[in-house]
Amino acid sequence: MELLQLQYFLTVARMEHVTEAARSLHVTQSSLSKTIQRLEEDLGIPLFDRKGRKLRLNEFGSKFLCRVERALFELEQGELELHDLSNPEHGTLELAVTTASTLPNILRKFRKKRPDIQFHVQMLTTQEMVTLLHRGEIDFCLSSPPIQVDGIECQIVFIDPILVAVPRGHRLADRSIVSLTDLKDEWFVGVKKGYGTRDFVDSICKSVGFTPKYVYEGDEPARLIQLVEAEIGIAFIPSTARDSREQIKYLRVENHELVREIALLWHKSRYISRAAQDFRDVVVDYFGDVCKLER
């Protein structure tokens, strides 16, 4: 078997479509198909069930995919390690977040510490994050809720109270504490299902007898404050995402442990570069400072 065959197989197996895989690999469909066929001939067994240009991994292909992912992952980690050892002052960190409210301050501190290191950040759902973590395509994730799965290291870095944001003219704005049942007839603005904080809050509300009614569901948590200020609805907002706008009032929720855990996640077998180690230290130190300020 050749390395190129394995790389092509991995892409086709993930996409299960020859045309899309060829486009992703920047090769012709015929070249890609021939490479996959040669691999199957070398193995002496078909790896896909075919229907036109669509392919679906069969039982043998699924088993082989797990081995190929592991083999290519180890080769990639070896390449990363050599690059880091030979050029430790430069590189790029691949980051993913389900919660972005604290990210600007963290990145600002990291940039001061390691100005020559670049970073690329993606906002992902929990499931998307798990997929990329298992593939070894990202260095660190900042996630709420934490993700407890095999092969992934999970370090809780902060316990973040969730507050209720209401506009100043709202009927509850003169209070500092509310119960969840006070909110059962309200309209909410929030992120879409699949984001950790949304799913957690919905489950807590359901436990006390109601399901929040959402007038807006989006992908940008930072936009929620603007919608609350415009009196479109109220919102559950983590304390770390509070905005200092005068037209917003933040209320605590009584008799419920309405908090989110923020965790730093990484693949247990992924090579941790010196820049990545520095980033982890910055995250831990940042949330340590936040804890001290809130005491």
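Just so you know, these numbers come straight off a predicted model, no measurement behind them.
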Please determine whether a side-chain nitrogen of the Lys or Arg among [X] and [Y] lies less than 4.0 Å from a carboxylate oxygen of the Asp or Glu.
X	Y	answer
Arg270	Asp139	yes
Glu153	Arg280	no
Arg171	Glu186	yes

Can you list everything that forms a ring-ring contact (aromatic ring centres under 6.0 Å, His included) with [X]? Sequence neighbours excluded, please.
X	answer
His170	none
Tyr271	none
Phe200	none
Tyr195	none

Quiz item: Do Asn105 and Thr102 meet the criterion of a side-chain donor-acceptor pair at a distance under 3.5 Å?
Solution: no

Quiz item: With no hydrogens and no angle check, do the side chains of Arg198 and Thr125 hold a donor and an acceptor under 3.5 Å apart?
Solution: no

Quiz item: Would a line drawn from the ring center of Phe9 to the ring center of Phe48 be shorter than 6.0 Å?
Solution: yes

Exercise. Sort and list the pairs that fulfil ring pair (Phe, Tyr, Trp, His ring centres under 6.0 Å) and have at least one residue in residues 221-254, not counting sequence neighbours.
Key: Phe188-Phe236

Quiz item: Distance from His267 atom NE2 to Glu137 atom CD, nearest 0.5 Å?
Solution: 10.5 Å

Quiz item: So, the side chain of Thr35 versus the backbone of Ser31: is there a donor-acceptor pair under 3.5 Å, distance only?
Solution: yes

Exercise. Under the salt bridge (charged side-chain N to carboxylate O under 4.0 Å, His left out) rule, collect the residues that match up with Arg23, sequence neighbours excluded.
Key: none

